[in-house]
Asker: 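Take a look at this one; I'll ask things after.
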Amino acid sequence: MSCVSTRGDATVAFGDAILEGLAPDGGLYVPAKSIPFDVDATAGASYAGLARTILSRWVEPDLLDFESLYSFGAPIVELSGRGWTGIKILELFHGPTNSFKDYGARFLGPALGIALEARRRTGLVLVATSGDTGSAVADAMSDVPGLRVVLLFPHGKVSAVQERQLTARRPGVRAVAVEGTFDDCQRLVKEAFGTAAVPGLTSANSINIGRLLPQQVYYAWAAVHCDQPIDVVVPSGNLGNLAAGFLARMSGVPIGRFVAAHNRNDWFVRYLRGDRPVAVGSVQTLSNAMDVGAPSNFERLQYWCQGKALADLVTGYSISDDETCDVMRTLHQETGYLADPHTAVGLAAARRFRKESGSSLPTFVLATAHPAKFQDIVERATGVSPAIPPSLSAIDQTDYRLIGAELDSVLDIVREEHALLPSLD
Ligand SMILES: *Cc1c(COP(=O)(O)O)cnc(C)c1O
């Protein structure tokens with residue numbers, strides 16, 4: 001299977017698309033054609049089996065051990081009582097770093113390894129993170145042969161649990177705290193890619209098509225477990241998760257409507273309403289992984305579906321921090337369920353959507369992070385402190401370098417790590 005850019009027609013091999021990240025014309029890679037998926041034919045399959053069926057079109061399946069990549073599956077929790085009946089939660093936080101970012105990173109890592117080996121090359125992944133992406137990428141790529149990882153995070157601006165996860169000592173991974181904001185980290189990564197000083201740099205953020213493909217699998221998983229089409233609520237920031245939902249729907253997964261659940265960073269919500277919003281800087285909220293001013297995957301959504309057609313398929317809601325906390329509290333009081341703030345934004349949007357749309361289809365809310373990753377916020381909203389899962393308590397050794405927000409410091413580290421890559425001669 002090959003990919004094309006959203007801005008051109010030339011096809012490239014999947015391996016090149018994931019190594020390059022961004023297309024040379026500045027566009028984002030998308031699959032050259034959608035591949036039909038037959039839900040009925042997969043009834044009874046395990047999550048790993050479903051992943052194998054969907055992803056074997058992209059990577060020779062015998063090269064990957066899907067059972068170990070996706071052993072944690074994607075549990076479905078059905079809510080009931082008061083205003084919650086009809087809402088199902090798809091828990092995407094049981095992977096090794098407890099956010100849905102694990103699904104993408106755990107496929108992209110080995111896929112990069114396979115692409116590098118076929119080209120007799122080595123590679124260095126440079127990634128900026130505001131929290132969940134960095135640890136998922138570090139965990140998934142630490143032992144991929146021929147690959148090293150440098151991750152930049154803003155010093156003192158991630159949650160305590162996130163910092164522990166980001167700085168956990170892992171072979172082949174260098175965690176770097178930057179004296180600055182997430183925007184500084186992103187700018188430094190962009191600048192590093194713009195210099196010719198280091199060859200073979202690869203990105204691992206959600207512009208990489210290799211992260212979106214495996215995220216289709218849990219949409220199919222949810223649909224396989226219902227005997228009618230489903231509506232899906234996606235807590236959204238950069239719109240990567242929603243783009244993966246579009247891929248699933250285009251290959252035949254029976255999805256009625258999508259709901260894009262945003263926090264106060266509501267650029268896409270206003271776009272869907274028919275405004276022509278200008279991109280502004282992000283504002284800080286309780287659901288910090290969704291604090292995105294200008295969502296980069298919008299270009300993919302628009303490539304597939306424009307104007308009114310997009311608004312007919314996706315309903316957008318913007319949820320305030322107050323409403324997010326209200327939902328966390330009432331959900332816990334009425335059902336006993338603890339949601340993290342990102343999932344709570346989704347749940348608030350789900351309730352509004354069910355009231356306003358009158359849809360009678362089951363509503364799936366994607367639960368994007370484990371509540372224990374945001375312990376303080378969850379405890380403040382509900383009075384209950386979520387139990388720490390074993391993967392979080394298992395980290396005992398941490399390590400990171402602290403640098404100023406300067407390109408030269410980043411390039412020094414990148415060069416050092418580059419020198420540690422194995423020679424292929
Ligand atoms: C990254 C992230 C999101 C936003 O996902 P996008 O693909 O950027 O829209 C939502 N919730 C959590 C917990 C995340 O880490």
Side-chain angles (χ1 to χ4, degrees), residues 28 89-105 108 127-140 151 153 158-159 161-162 165-166 182 186 203-216 218-219 232-248 258-269 271 282 285-301 314 316-319 324 328 339-349 365-375 377-378 386 392:
L28 306 185
I89 297 181
L90 185 64
E91 292 189 340
L92 302 178
F93 52 71
H94 295 285
T97 70
N98 304 100
S99 85
F100 82 95
K101 302 291 200 299
D102 283 324
Y103 292 87
L108 179 58
V127 65
T129 181
S130 59
D132 296 325
T133 291
S135 50
V137 165
D139 184 83
L151 54 94
F153 68 95
V158 297
S159 82
V161 168
Q162 284 175 321
Q165 289 184 307
L166 282 169
F182 172 60
Q186 258 190 324
S203 87
N205 56 24
S206 68
I207 62 164
N208 196 311
I209 186 66
R211 266 184 50 181
L212 301 192
L213 296 174
Q215 290 179 234
Q216 297 176 84
Y218 48 73
Y219 287 89
V232 188
V233 182
V234 189
S236 290
N238 248 328
L239 297 172
N241 208 352
L242 185 60
F246 273 46
L247 285 175
F258 292 103
V259 176
H262 288 262
N263 57 30
R264 267 206 309 122
N265 295 282
D266 63 348
W267 183 91
F268 187 49
V269 180
Y271 174 87
S282 60
T285 73
L286 294 179
S287 45
N288 64 356
M290 313 198 309
D291 293 349
V292 177
S296 49
N297 278 287
F298 175 68
E299 177 156 345
R300 284 194 172 107
L301 301 185
V314 187
Y317 292 107
S318 163
I319 307 295
T324 304
M328 287 162 85
D340 95 287
H342 304 79
T343 307
V345 167
L347 286 159
V365 175
L366 305 189
T368 50
H370 194 291
K373 278 191 116 163
F374 303 91
Q375 229 172 4
I377 300 169
V378 174
L392 289 177

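First listed ligand is number 1; within each ligand, the first listed atom is number 1. Numbering starts at 1 and runs along the sequence shown.
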Asker: Between Tyr218 and Asn241, do the side chains contain a donor N or O and an acceptor N or O under 3.5 Å apart?
Answerer: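 Note: Asn241 and Tyr218 side chains meet the donor-acceptor criterion.
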
Asker: Does any N or O in the side chain of Asp340 come within less than 3.5 Å of the main-chain N or O of Thr343, such that one atom is a donor and the other an acceptor?
Answerer: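 Answer holds: yes.
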
Asker: If you take the nearest heavy atom of each of Asn238, Val234, Asp132, which one is closest to atom 8 (O) of ligand 1?
Answerer: Asn238

Asker: Have Asn208 and Arg211 got a donor and an acceptor in their side chains that come within less than 3.5 Å?
Answerer: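 Absent: no donor and acceptor within the cut-off.
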
Asker: Are a donor atom and an acceptor atom from the side chains of Asn263 and Ser287 found within less than 3.5 Å of each other?
Answerer: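 Looking only at side-chain atoms, Ser287 and Asn263 do form a donor-acceptor pair, the distance falling under 3.5 Å.
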
Asker: Which ligand 1 atoms does Ala369 reach within 4.0 Å, using its non-hydrogen atoms?
Answerer: 13 (C)

Asker: Quick one: nearest non-hydrogen protein atom to atom 2 (C) of ligand 1, plus distance?
Answerer: Lys101 NZ, 2.4 Å

Asker: Which residue and non-hydrogen atom of the protein lie closest to atom 4 (C) of ligand 1, and at what distance in Å?
Answerer: Gly237 N, 3.6 Å

Asker: Working to the nearest 0.5 Å, report the span between CH2 of Trp267 and NE2 of His262.
Answerer: 9.5 Å

Asker: For atom 12 (C) of ligand 1, which protein heavy atom lies nearest, and how many Å away is it?
Answerer: Thr368 OG1, 3.5 Å

Asker: Could you report the tightest heavy-atom contact between Leu212 and Ala244, atom names first, then the distance?
Answerer: O-CB, 3.6 Å

Asker: Just by distance, no angles: are the side chains of Asn265 and Asp291 close enough, under 3.5 Å, to form a donor-acceptor pair?
Answerer: yes

Asker: Taking a cutoff of less than 4.0 Å between a non-hydrogen atom of the residue and any ligand atom, is Phe100 in contact with ligand 1?
Answerer: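 Heavy atoms of Phe100 do come under 4.0 Å of ligand 1.
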
Asker: If I apply the N/O under 3.5 Å rule, does Leu239 come out as touching ligand 1?
Answerer: yes

Asker: Could you list which atoms of ligand 1 come closer than 4.0 Å to a heavy atom of Pro235?
Answerer: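 Answer for ligand 1: 4 (C), 10 (C).
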
Asker: Please report the closest heavy-atom contact between Phe258 and Val234, naming both atoms and the distance.
Answerer: CD2-CG2, 4.5 Å

Asker: Using a strict cut-off of 4.0 Å, indicate which atoms of ligand 1 neighbour a heavy atom of Asn241.
Answerer: 7 (O)

Asker: With atoms numbered from 1 as shown, which atoms in ligand 1 lie under 4.0 angstrom from a non-hydrogen atom of Ser236?
Answerer: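 Under 4.0 Å from Ser236, ligand 1 has these atoms: 9 (O).
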
Asker: What do you reckon, does Asp340 have a nitrogen or oxygen under 3.5 Å from a nitrogen or oxygen of ligand 1?
Answerer: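 No; every N/O pair is 3.5 Å or more apart.
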
Asker: Under a 4.0 angstrom heavy-atom cut-off, which atoms of ligand 1 come close to Gly240?
Answerer: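 Going through ligand 1 atom by atom, the ones under 4.0 Å from Gly240 are 6 (P), 7 (O), 9 (O).
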
